Amino acid sequence: MSSWGTLRLFLRNPYGRFGTLLLLGLVVVAGVGPILTPYGVWQYGVCKPFERPSISHPFGCDEIGRDLLTLFLSGARVSLFVGFVAAFLSTLLGALVGLFGGYFGGLLDAVIMRVVDALLAIPSLVLMIIFAAVLGPGLFNVIFVITVLSWPPVSRVVRSQVLSIKEYPHVEAARACGASSMRILFKHIAPATTPLVVANMILQISNAIIAEAALGFLGLGDPRIPSWGGILRFAFRMGAMSAGYWWYVVPPGLGIVLAVLSVTFISYALDEIVNPRLRKY
Amino acid sequence: MTAVSLPRYAAARALQTLVSFFILISIAFFLFRAMPGDPTAFLLESPRIHPQTRELLKQRLGLDRPLYEQFFVYIANVLTGELGYSLYYGRPVTEIMFGRRMINTLVLVGSSTFAAIALGLLMALTSVRKYGSKLDSSLTTFSLVTYSIPTFWLGMIFIMLFSVNLRLFPVGGTITATRVHEGFLDLALDYLWHMVLPFTVLTLIQIGYNYLIVRNSMLSLIQEDFVYVARAKGLSEDAVIRRHVFRAAIPPFATIVGLQLAGVFTGAVMTETVFSWEGLGRLMYEAVSTRDYPLLQGFFILILAAFLVTNYLVDLLYAYLDPRVRLK
């Protein structure tokens, strides 16, 4: 199937179409939103504490009179930024480990695979919480922790594909022509793993967004620029639920749900296309 | 291809599990000793502590010895269950973790996991029987949506809706602290009443995953030859799906449930935090908030041991159910 054919099938799939539109919308909101809002993230006293949503403050206000729409928009930026960057880095790391491990094999590969097995055995989010608590809160630490604990599944699947690709005739031909290991690896093997790597990266994005939200809620995110999870932490600690300040609680959570959902829909649609067994029986 | 006998397979997997355990506790050692936020730094580097006291403390904690020696002492301590004292509670870490809190978590996590498995399987079966119908696609959408909701936010929404607005359930806690309970039944009912919301949240976030896994594996199985044979025998489509496809989808699902127990604990941390449920999850949140390093390390090792053992048992069960796993 050509890549255009795949794209057409993907966009014809209702999950794929909806997910793509949603994600594009969120990226635009996160990119443009913070520029358009007249307030700063730490500009307090622009309205009464816990003011209800109104025309001038559509999302209401928090406990020190900050505009919640402004917080929501900058939170979108942080959440999506962490999600995309951490997913990209962990996929890259996992793919490289899988490529080198699968191609060269040997003792190093055996050791790495034992570490991967060990890391896969326990829940990564719990590990992330513990690691982040020890390292201390911060944007960089959150990205670091998510990256370092998310790559093992990617390396596992890439490695197993490399193991089979390296036996293909075209790789053998390249080797017979005297191509170097690096050339074979990056010219003849790596391109063939691209679809798998892309599919995994999409999964990694939703996992990273969920992980960031949880870390932010537990107070391990950057305290200076709260993400959606960080805003919910403020809401929780200020007793917004008991007081019935729904405008403080609902938007950031919906933001997380929509972001994760868009990515989940995209990967579900891709799965239905790439795995024709799921299409019809 | 020869199959390894079950005891030999069990021994080989046990060795593998032990290797994993050592790798992970070594990672924990370097994380908790060598990282910038050294667990003892704030105690030792405080100007209020007399230099002599500091030296004594270092000696007591064994921090004056070379790193490799500390490493062996640490391994020995972990193996004997000596996990040190909590900085916040001042009591042994093991004493705080093993007790009432652990029971509370096991009750909550156990019951919701069970409910999520039962409901997930039931929904998947319904979906495949009515494949391509409105019901099928709504169940799939429902699952994708619940799968995308952050646990803690769902909990917050539930509290706002059912506790604050409708006043149906308590806002949090495990029992009503201000009430004198008349007998065990009264206490149990109060406990269950507090458990309804956290139980529902923890069940809801698990259903989606179970459903999607079983539904997809059933849809793949439906094209296998044994299903063709079952149809050729003249069995009704319903009987084919229930008796053949569904049954074949269970063993692989069992492994995934085992692996998934891992994720459930994370759910428990978030749920227990939001609902003030006095369990291990809430305790871990407190340990994170107070930077209680020995307690965090205790959690690391407890979680590690629990999940490696579960994985091991699930693998054995799977090898017993499906001998192909033992093929060399």
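Not measured: the values here are computed from a predicted model. Proteins get letters first, then strands, A, B, ... in listed order; numbering begins at 1 in each.
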statement: Separation between CZ (R114(A)) and CZ (F22(B)), nearest 0.5 Å, reads 14.0 Å
query: Could you give the distance from CZ (F236(A)) to CE (M156(B)), rounded to the nearest 0.5 Å?
result: 7.0 Å
Please state whether the side chain, the backbone, both or neither of [X] comes within less than 4.5 Å of a heavy atom of chain A.
{"X": "M270(B)", "answer": "side chain"}
{"X": "I27(B)", "answer": "side chain"}
{"X": "L161(B)", "answer": "neither"}
{"X": "Y285(B)", "answer": "side chain"}
{"X": "I149(B)", "answer": "both"}

Indicate yes or no: at least one non-hydrogen side-chain atom of [X] is less than 4.5 angstrom from one of [Y].
{"X": "V126(A)", "Y": "F299(B)", "value": "no"}
{"X": "W153(B)", "Y": "L254(A)", "value": "yes"}
{"X": "L144(B)", "Y": "Y268(A)", "value": "yes"}
{"X": "Y15(A)", "Y": "T141(B)", "value": "yes"}
{"X": "P150(B)", "Y": "I210(A)", "value": "no"}

Can you establish whether the number of heavy atoms outside [X] located under 6.0 Å from its atom [atom1] is more than 12?
{"X": "F84(A)", "atom1": "CZ", "value": "yes"}
{"X": "Y147(B)", "atom1": "OH", "value": "no"}
{"X": "F246(B)", "atom1": "CZ", "value": "yes"}

